[in-house]
Visitor: 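Could you have a look at this structure, given as structure tokens, before my questions?
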Amino acid sequence: MTLILTDEEVALADSVRKFVADRSPLTSLRQIIASGEPFDAGVWKQMTAQLGLAGLTIPESYGGAGAGYSALSVALTELGAGLVASPLLGCLLAAEAVLRLGDDTAKQELLPKIAAGELIVTLAVASSAGGQVTASGAGDGTVLTGTVSPVLNGAEADVLLVPADGTDGKAIYLVQGGADGLARTRLTAVDHSRSLARITLAGTPARALAGDAAAALAAAADLANLALAAESAGAMKACLDMTSGYARIRVAFGQPIGAFQAVKHRLADMEKSFELGYAALRDAARAADEKPGDFPVAASVARVLLASAYAEAAVDTVQLHGGIGFTWEHDAHLYYKNGLSNKVLLGGPGEQLDRLADALGI
Amino acid sequence: MTLILTDEEVALADSVRKFVADRSPLTSLRQIIASGEPFDAGVWKQMTAQLGLAGLTIPESYGGAGAGYSALSVALTELGAGLVASPLLGCLLAAEAVLRLGDDTAKQELLPKIAAGELIVTLAVASSAGGQVTASGAGDGTVLTGTVSPVLNGAEADVLLVPADGTDGKAIYLVQGGADGLARTRLTAVDHSRSLARITLAGTPARALAGDAAAALAAAADLANLALAAESAGAMKACLDMTSGYARIRVAFGQPIGAFQAVKHRLADMEKSFELGYAALRDAARAADEKPGDFPVAASVARVLLASAYAEAAVDTVQLHGGIGFTWEHDAHLYYKNGLSNKVLLGGPGEQLDRLADALGI
Amino acid sequence: MSDDFRARARAWLAANAPRRAAGDDEAEAESRGQAAVIAEQKAFQAKLHAAGFAGITWPKEYGGQGLTSAEQIIWSQESAGYDLPTGVFFIGLSMPGNTLVELGTDAQKRRYLPKMLSGEEIWCQLFSEPGAGSDVASLQTTAVRDGDEWVLNGQKVWTSGAQYSDFGAILARTDPTKPKHNGISMFIVDMHAPGVTVRPLKVATGHSPFNEVFFDNVRLPAGALIGEENKGWDAAVVMLRHERIAIGTMGSSRTSPLAFSTLRDLAAGLGRTADQGVRRELAELYARSRAVQLFALLLREETQAGRLPGARGSVAKLAGSDLGRFAGNVAADVLGDQLAAFDTAELAAVSTAIVAAPGSAIAGGTSEIQRNIIGERVLGLAKDPGVDRATPFNQLRVGTQREQ
Amino acid sequence: MSDDFRARARAWLAANAPRRAAGDDEAEAESRGQAAVIAEQKAFQAKLHAAGFAGITWPKEYGGQGLTSAEQIIWSQESAGYDLPTGVFFIGLSMPGNTLVELGTDAQKRRYLPKMLSGEEIWCQLFSEPGAGSDVASLQTTAVRDGDEWVLNGQKVWTSGAQYSDFGAILARTDPTKPKHNGISMFIVDMHAPGVTVRPLKVATGHSPFNEVFFDNVRLPAGALIGEENKGWDAAVVMLRHERIAIGTMGSSRTSPLAFSTLRDLAAGLGRTADQGVRRELAELYARSRAVQLFALLLREETQAGRLPGARGSVAKLAGSDLGRFAGNVAADVLGDQLAAFDTAELAAVSTAIVAAPGSAIAGGTSEIQRNIIGERVLGLAKDPGVDRATPFNQLRVGTQREQ
């Protein structure tokens, strides 16, 4: 197990980076903001059909590439650097849950279409403050009642996988996007690149999926940590590059501002935090593929470090650009808001540290 | 209620500062370290008999000065700046507990002698990790069993006030320093200016004091917060002055090192933290005298801020002096160790914040 | 005399002024329309002036009350509990106004000061430029002599109130062959003059609380110079001193969405205050916020006792900015993923406040500049090794230009 | 060839070398006596050399093995699990030794290298001075020519191992009229020569892991110059490069008292791990420690793949120092008042480690210097505005002198 990228991973990173630069530069995020659309459907089609990003971790037998988690983290790092708006994260978590549940019908029904980009599926999970759902009835009469918020792409998803407490304990239920009694309210997201919604279920018909729900949700949470760590690493590197670049050319008091230790040392600390977080990310990505037993701790470590480091780096990016960095036209605020969102999504720093402490047996 | 010092308080500060410079400069702390004595008995005699510092908050009717808590905090700030080793803090807490208990016999017996410096009394309290004591028997047959560690001047105290759980709940018990079954082990203290001990009681005869033990212990804890905040403020200012002074005269790369923003900005942050903490200290000191209902929160705020700020400032003092600051002969390590100890004594940052959260009704 | 003034002030305020409330000036302007807000404020300022509470320390011949700083302090104390609708005059009175009192010609003072006080004319301040930032003195706007007049060209930025101002105090370079501090002059510019273009500047929050202002061959008449030619930096220092005093004594009129009590209530509503970490973070936020308030109070007490805060005002500004950043982190921790997306006004306000927080560490002198001021003027440390104070401005690299 | 070397190394280590353990070199030297430790290490180094594992990449004619960096890497990998008793040779071999291999004359290499490798002679490095600190090139020790020889006067500080070293590599000023970098030379100095005084330097922990060394008219013979006269700074750069590589690849042989596992066990023993805040702090300590280890591993992998870490080694050093400070804060939080005073060896070790922690942010280049290196050499930022690189040394202010 090595931390450095393989040649294939370097090639994948290059092709995703090129795709982002060509098809989804930051100007297109501004178009998405202006249009009010959750993401660019054409870009999503290419990300899935052409680059196969939604199927990287789905086995070939279900139409995916079976390329593994390290490849996925490499792709997500590049997507994160470009703040690419898409329903990828929701789809990844849903696919992971389905894979771990092992419900054959659901696998056949959902995985090939997720991989192909034909179906947007999301996993309706949030922190405990985000509501809860209970199940009642049985068989075809099963219905769900409750609220979950915020849910990744909850307003656009064709299918939602909703964890709920029933009489037999927790299970994951499949709910169609157009089901009766399902209300989906798109919320104002801090991060312009995420579409998030509150979903409210009132006697909504649902189908229970077979399998160990707790294990599936834990696996999805680990993958969320890896994915958010990867996206944050890419975005943090973009902040570091943008700010270092500015510090090299912006002059004040007769010096490039990077000559001043207030700027130089802040950037050096940013570089340090990035390098440490990136090393932890690589370790988590490799563990996911090669040492699954180490994955929960490694993914937690990567997420905890990178979520904080990126959020700090993004504030510093605004600060070190000075006034221009605080304008709407500058990209700094796009990263700042993304950093804030990445830090709290699916559980903030405290909850992440609790999870890590549990995993470490403290 | 004003935060700025009165003329009387300025005069008190001047006289204590002069006393410290004349009678207890840092060289005398080094003599104490070398001798192994807990403090300089001559200095303690002058602090009590001459300056009346042990009786500042003891009413005149019990031989004190009845000068109040703001005056006390002013004096402690100067003693803290000079890292004066003495049993003052233990005596203050013991006197506070006795005053709040209101046990007339104990007041008559202890307070005049504490004020006069004739009796060293301490309050044997520590965090929950420091052990516990139970009481059994009744009347003259009352005995204590258990451990408390670390106890301020526990090895030297003539009398110890020991909180213990008995059949009727918690009470404070008076134990003579030479009592049967009392073992006192002086410990290695991080801070060279404090003498701390483990006390072990094995069927040790004790006398229960009348009064509300919980209220008395809470009052002592509030006073401890004020006292440690005051000492920390003084010591932090000493660090700030010492380090700024060095940054003005030490030259590197052709500049006084204070010209470098890495040094200048660290010192500016230290100045900021000091000013904020000092304002909070003044507020707590005034509240103790004039708005006792606000005192617990105000004292907590001052302690929480100054304990952390001073500990950080002391590390920065070592760091900004470079190699010389890490030598034994330089005074920086004396403050560093004092800062570490002040931060954790009688409960570390987490416990202090819990206490504040409780007081704020969060 | 003072007691009499206090009684008068107290009575007038009770009868005429609204009490403090929570809210947001920006939101108010957006909902009610800016014109309505300005009309109301002009009317209130006129009433305030007529009652004898505007320009308390300014000379009577220029519309002031001719009183002392003792009455000024009394006014501040008595009005502290009110939310006076005079926001659009704040900059003009405290900065260009006070500077004109100190440096203006008799003609300038007679022409401009009375109408500032009576609410007839609104002023703005035009210092910042895209290429200058923290290094204010490297500004590139030029004023070229043409007979008795000057011709102004260039761009200013971060100008509050430019869109409704009648006049502005502007810094422009009048001699580019001198070192940067020595070739600057300060002028009065008519914001309605031909060639002045004001454009709203949208910031990270999506609001536009500032403007960019463009000057294209704007003619400045003979009497427009404030102070001496090429001594504009001295005038700027005077104005920045008044700015620091104004900001330092301003106080906040509304409760911040990042205040301890707001976040505690939100956290409790989400069932998050059972979390020990959340409790500790909120407690620390309380402690830090309280200290910032107490330090401001201490500075005011010292000022009243005759000890001027001087550069320690920078400590207050730095502490406020740092507190904003800390509070934003606490908000993220205590609200968790409920902060990622929302549809309530309370959470929207928290989110906007977090996004706005870095602005306070930039505007009015960045935190880096404040730390330099504290290091040099409070602690007596050496100045940064500067290499540009003696270089002729036209040989200096500025902003992001590769070459001048 | 490589596989053969690996097999030989593995077998020899298994038969001859002790395994890693917890503990503290300082404490070991104090309990067993320094002479005993040195004798044992000299014997082990001799055995190591005889077996063909000392000086792996050094030329055969100077006592080395004449192999490549491939074998060196294999040796590092195979010996990683052992605690080789060769500590007293670490500085000499990695710094003066490697520098002599690169810059020494044939005569110097024949005289000194074989006895370094065989454990007969111990070396130290003499760069730091009380007045120089981070600005190493402002050193004031002088070497004045006297015929073919030089006369050395001055003081060095922070010299590890000076008390048992036979030789040292020293920097001294040979031309004070040149700018500071251009008037320095590097010499070999016999630590037993008349006029050399070594004094232990007691640090904050109460231990004396370093020395001060005084030179009073010490005569350096003709062959003592390393490299060229007045080109000593170039030689120093070579040696500092070797130092960074040595420190970067060193790894720690013992478990730190501030390590996650140590603090967790102590906290659990005190019943403190029920506290949610303590749990979170320990978890964060684990995360940060793990990242520091992983980054070192990543750098090693990159090096093995042919990508040299360069100045990113400074990231590793900075991260390690920062971790030490963070771990000290965690220790204070999780141990609470039990850290204020103690009588157990475990708590004493934690306390000593906390007191020692700032040392790692100073020794071997302060964290401030590391941040400058990272900013300038990794991120390509402009150098600090320096004014002293062209000034003749004897016109420069140095240390805490008011005037030169």
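Heavy atoms only: backbone and side chains are in, while hydrogens, waters and symmetry mates are out. Order of the sequence lines sets the chain letters (A, B, ...), proteins ahead of strands, with each chain counted from 1.
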Visitor: Determine the minimum heavy-atom distance between Ile362(D) and Gly322(B), stating which atoms define it.
Guide: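 Shortest heavy-atom separation between Ile362(D) and Gly322(B) comes out as CD1-O, 3.6 Å.
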Visitor: Counting heavy-atom pairs closer than 4.5 Å to chain D, which one of Gly348(B), Ala189(B), Ala126(B) comes out on top?
Guide: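 Among Gly348(B), Ala189(B), Ala126(B), the one with the most close pairs to chain D is Ala189(B).
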Visitor: Ser367(D) versus chain B, heavy atoms under 4.5 Å apart: side chain, backbone, both or neither?
Guide: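 For Ser367(D), backbone and side chain are both near chain B.
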Visitor: Out of curiosity, Asp316(B) CG to Arg325(D) CZ, how far, rounded to the nearest 0.5 Å?
Guide: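 CZ of Arg325(D) is found 4.5 Å from CG of Asp316(B).
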Visitor: Heavy atoms only: give me the nearest Ala340(D)-Leu345(B) pair and the separation to one decimal.
Guide: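 Here Ala340(D) and Leu345(B) meet closest at CB-CD2, 4.0 Å.
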Visitor: Looking at Arg199(D), I want to see if its CZ is surrounded by more than 12 non-hydrogen atoms of other residues, nucleotides or ligands under 6.0 Å.
Guide: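 Incorrect, the count does not exceed 12.
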Visitor: What is the distance from atom CG of Leu201(D) to atom CD of Glu329(B), rounded to the nearest 0.5 Å?
Guide: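 Those atoms lie 7.5 Å apart.
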Visitor: Considering only heavy atoms, which portion of Phe326(B) lies under 4.5 Å from any heavy atom of chain D: side chain, backbone, both, or neither?
Guide: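 Both the backbone and the side chain of Phe326(B) come within 4.5 Å of chain D.
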Visitor: Do side-chain atoms of Asp337(D) reach the backbone of Ser127(B) as a donor and acceptor pair under 3.5 angstrom?
Guide: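 Indeed, once roles are kept as given, a pair shorter than 3.5 Å links the two residues.
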Visitor: Would you mind telling me which of Gly131(D), Gly277(D), Ser351(D) has the largest number of heavy-atom pairs within less than 4.5 Å of chain B?
Guide: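 Result: the option with the highest number of such pairs is Gly131(D).
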Visitor: Apply side-chain contact (heavy atoms from CB on, under 4.5 Å) to Ser134(D) and Phe253(B), showing your working.
Guide: CA-CA 9 Å; Ser134(D) 289; Phe253(B) 304 103; 4.2 Å; yes
Visitor: Picking from Pro150(B), Ser149(B), Ala252(B), Ala262(B), which has the most non-hydrogen pairs under 4.5 angstrom with chain D?
Guide: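 Heavy-atom pairs under 4.5 Å are most numerous for Pro150(B).
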Visitor: Give, as side chain, backbone, both or neither, the part of Leu335(D) having an atom under 4.5 angstrom from any heavy atom of chain B.
Guide: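 Answer is neither: Leu335(D) stays 4.5 Å or more from chain B.
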Visitor: Counting only non-hydrogen atoms closer than 4.5 Å, does Asp384(D) touch chain B with its backbone (N, CA, C, O), its side chain (CB onward), both, or neither?
Guide: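 Contact with chain B: side chain only.
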Visitor: With respect to chain B, which residue among Thr366(D), Val355(D), Val278(D) yields the maximal number of heavy-atom pairs within a distance under 4.5 Å?
Guide: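 Answer, by heavy-atom pair count under 4.5 Å with chain B: Val355(D).
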Visitor: Is Arg198(B) in contact with chain D via its backbone, its side chain, both, or neither, using a 4.5 Å heavy-atom distance?
Guide: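 Contact with chain D is through the side chain of Arg198(B) alone.
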Visitor: Measure the OG-CG distance between Ser128(B) and Asp275(D) for me, rounded to the nearest 0.5 Å.
Guide: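 The distance works out to 9.0 Å.
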Visitor: So which atom in Gly336(D) and which in Val344(B) form the shortest heavy-atom distance, rounded to 0.1 Å?
Guide: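 Heavy-atom minimum between the residues: O-CB, 3.3 Å.
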Visitor: Check whether any side-chain N or O of Lys343(B) sits under 3.5 Å from a backbone N or O of Asn329(D) as a donor-acceptor pair, and report yes or no.
Guide: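 A pair under 3.5 Å: no.
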Visitor: Heavy-atom cut-off 4.5 Å, strictly under: side chain, backbone, both or neither for Leu339(D) against chain B?
Guide: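 Leu339(D) touches chain B through backbone and side-chain heavy atoms alike.
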Visitor: Quick one: OG1 on Thr188(B) to CZ on Phe342(D), what's the gap to the nearest 0.5 Å?
Guide: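 Between atom OG1 of Thr188(B) and atom CZ of Phe342(D) there are 5.5 Å.
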Visitor: Under the side-chain contact (heavy atoms from CB on, under 4.5 Å) criterion, do Val251(B) and Val398(D) qualify, and how do the steps go?
Guide: CA-CA 5 Å; Val251(B) 172; Val398(D) 171; 5.8 Å; no
Visitor: Could you tell me whether the side chain of Glu351(B) and the main chain of Asp333(D) form a donor-acceptor pair under 3.5 Å?
Guide: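 Looks like no, no N/O pair under 3.5 Å.
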Visitor: Side chain, backbone, both or neither: which part of Ser138(D) has an atom under 4.5 Å from a heavy atom of chain B?
Guide: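 Nothing of Ser138(D), per the 4.5 Å heavy-atom cut-off to chain B.
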Visitor: Give me the atom names and distance for the closest heavy-atom approach of Trp158(D) to Ile324(B).
Guide: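 For Trp158(D) versus Ile324(B), the nearest heavy atoms are CZ2-N, 4.1 Å.
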Visitor: In terms of heavy-atom pairs under 4.5 Å, which option from Arg194(B), Glu312(B), His330(B) contacts chain D the most?
Guide: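 Among Arg194(B), Glu312(B), His330(B), the one with the most close pairs to chain D is Glu312(B).
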Visitor: So for Ala348(D), is it side chain, backbone, both, or neither that comes closer than 4.5 Å to the heavy atoms of chain B?
Guide: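 Interface part for Ala348(D): neither.
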Visitor: Show the nearest heavy-atom pair for residues Val318(B) and Pro358(D), with the distance to one decimal.
Guide: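 For Val318(B) and Pro358(D), the tightest heavy-atom pair comes out as CG1-CB, 3.8 Å.
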Visitor: So what's closer than 4.5 Å to chain D heavy atoms on Arg266(B): side chain, backbone, both or neither?
Guide: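 Only the side chain of Arg266(B) comes within 4.5 Å of chain D.
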Visitor: Counting only non-hydrogen atoms closer than 4.5 Å, does Ser308(B) touch chain D with its backbone (N, CA, C, O), its side chain (CB onward), both, or neither?
Guide: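 Contact with chain D involves no heavy atom of Ser308(B) at all.
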Visitor: Closest approach of Gln338(D) and Gly130(B), non-hydrogen atoms and distance?
Guide: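 The answer is NE2-CA, 3.3 Å.
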Visitor: Pick from Leu340(B), Val315(B), Asp354(B): which one has the most heavy-atom pairs with chain D under 4.5 Å?
Guide: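 Maximum pair count with chain D is reached by Val315(B).
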Visitor: Can you tell which of Gly271(D), Ala361(D), Gly133(D) has the highest number of heavy-atom pairs within less than 4.5 Å of chain B?
Guide: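 Of Gly271(D), Ala361(D), Gly133(D), Ala361(D) has the most heavy-atom pairs under 4.5 Å with chain B.
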